[in-house]
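Below is one structure, written out as structure tokens; the observations come after it.
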Amino acid sequence: MPATIEIAIGAIIVSLAVSIVLGTLAAYRRGLVTDQVIRVVTLVGLSVPTFWLALVSFYVFFLELRIAPGSGRISPSITPPPRVTGLYTVDYLLNGDAVGFFDALAHLALPVMVLSLVTIGLLTRFIRTSVLEVLGSDYVRAARAKGLPAMRVILDYVLRGASLPILTVVGVAFGALLSGTVLVESVFAWPGLGTYAYNSAANLDLPGIMGVGLVVGIIYLLINFIVDILYGVLDPRVRIA
């Protein structure tokens with residue numbers, strides 16, 4: 001489970017950072033060339049099969065260019081860190097092992113990139129729609145009329161107003177990343193929940209398959225519970241209600 005959590009957290013952080021920039025830019029440049037290009041790119045990201053993207057990335061960056069490490073969580077010459085959280089990057093940092101940390105980070109790069117490219121397409125389109133709805137609000141027009149800097153209007157008014165629907169889809173996307181990494185983990189020989197589910201299905205291990213289904217269900221319940229709590233943190237109206 002920690003191996004899957006590690007790539008899922010990395011993928012959702014990268015996806016959210018890139019999607020907020022692209023989605024907000026597309027909304028502000030609605031109907032222009034920038035908006036059209038971003039919409040085409042996100043459509044491609046949504047359409048490309050994950051397993052195909054994983055195979056192509058592995059072939060290009062590892063076999064051909066040799067700029068990314070091979071499969072697994074760390075190189076064979078590196079000793080695994082003392083287990084604290086099960087997340088190798090975190091455990092290496094806690095142990096003060098810089099060499100192990102950067103090696104684990106390098107092995108994370110390709111799986112995280114593949115999962116991020118697929119998730120970015122979904123989040124960008126959703127963020128664009130949410131930001132467009134907020135841009136037409138009276139309080140955003142009032143903020144612009146006051147002469148506030150554009151960046152402050154985006155951060156303090158637009159993104160905050162659009163945060164609740166964005167938070168909902170981020171929670172769903174994170175749950176999907178935790179439960180849907182089977183093909184990516186299989187390609188990169190990543191010893192996580194997806195690989196365990198694949199091996200259980202291949203070996204007709206019914207208790208293993210049921211266990212994975214139970215864990216995935218619990219994950220979605222926990223994520224939805226956390227998202228509901230964050231609603232009240234972000235929006236005072238929810239707390240009052």
Once side chain to side chain donor-acceptor pair (under 3.5 Å) is applied, what residue pairs with a partner in residues 74-83 remain, sequence neighbours excluded?
S75-D103

Do you know the tightest heavy-atom contact between [X] and [Y]?
X: V140; Y: V134; result: CG2-O, 3.3 Å
X: A11; Y: L177; result: CB-CD1, 3.9 Å
X: Y88; Y: A104; result: CB-CB, 4.1 Å
X: P191; Y: A3; result: O-CB, 3.5 Å
X: G86; Y: R73; result: O-NH2, 3.0 Å

So, using salt bridge (Lys or Arg N to Asp or Glu O under 4.0 Å) as the criterion, who are the partners of E185 when residues are at least two apart?
none

Across all chains, not counting sequence neighbours, the salt bridge (Lys or Arg N to Asp or Glu O under 4.0 Å) partners of R141 are D138

When you compare the side chain of [Y] with that of [X], does any pair of heavy atoms fall below 4.5 Å?
X: D97; Y: V99; value: yes
X: R128; Y: D35; value: yes
X: L46; Y: V118; value: no
X: F188; Y: H107; value: no
X: N199; Y: D205; value: no
X: T168; Y: Y231; value: yes
X: V90; Y: F101; value: no
X: E6; Y: T85; value: no

Applying side chain to side chain contact (heavy atoms under 4.5 Å, CB included) to L148 and not counting sequence neighbours gives A143, K146, R152, V153, Y157

Only pairs under 3.5 Å count here: list side-chain donor-acceptor contacts from residues 16-33, not counting sequence neighbours, and write none if there are none.
| from | atom 1 | to | atom 2 | distance (Å) |
| --- | --- | --- | --- | --- |
| S19 | OG | S15 | O | 2.6 |
| S19 | OG | T124 | OG1 | 3.4 |
| T24 | OG1 | I20 | O | 2.7 |

Taking atom OH of Y59 as the centre, does the number of heavy atoms from other residues, nucleotides or ligands within less than 6.0 Å exceed 12?
no

Is it true that, when you exclude M1 itself, more than 12 heavy atoms of the residues, nucleotides or ligands shown sit nearer than 6.0 Å to its CE?
yes

Taking the inter-plane angle between the rings of F58 and F62 on a 0 to 90° scale, is it parallel (under 30°), tilted (30 to 60°) or perpendicular (over 60°)?
tilted

If Ile, Leu, Val, Met, Phe, Trp and Tyr residues are connected whenever their side-chain heavy atoms lie under 4.5 Å apart, and connections chain through other members, are [X] and [Y] in the same group?
X: V172; Y: V216; answer: no
X: I9; Y: L94; answer: yes
X: V227; Y: I218; answer: no

With side chain to side chain contact (heavy atoms under 4.5 Å, CB included) as the test, would you mind laying out the steps for I78 and Y92 before giving the verdict?
CA-CA 11 Å; I78 303 294; Y92 277 125; 3.2 Å; yes

Transitive ILVMFWY cluster of I229, excluding itself - 4.5 Å side-chain cut-off
F225

Verify, without hydrogens or angle tests, whether T195 (side chain) and W190 (backbone) share a donor-acceptor contact under 3.5 angstrom.
yes

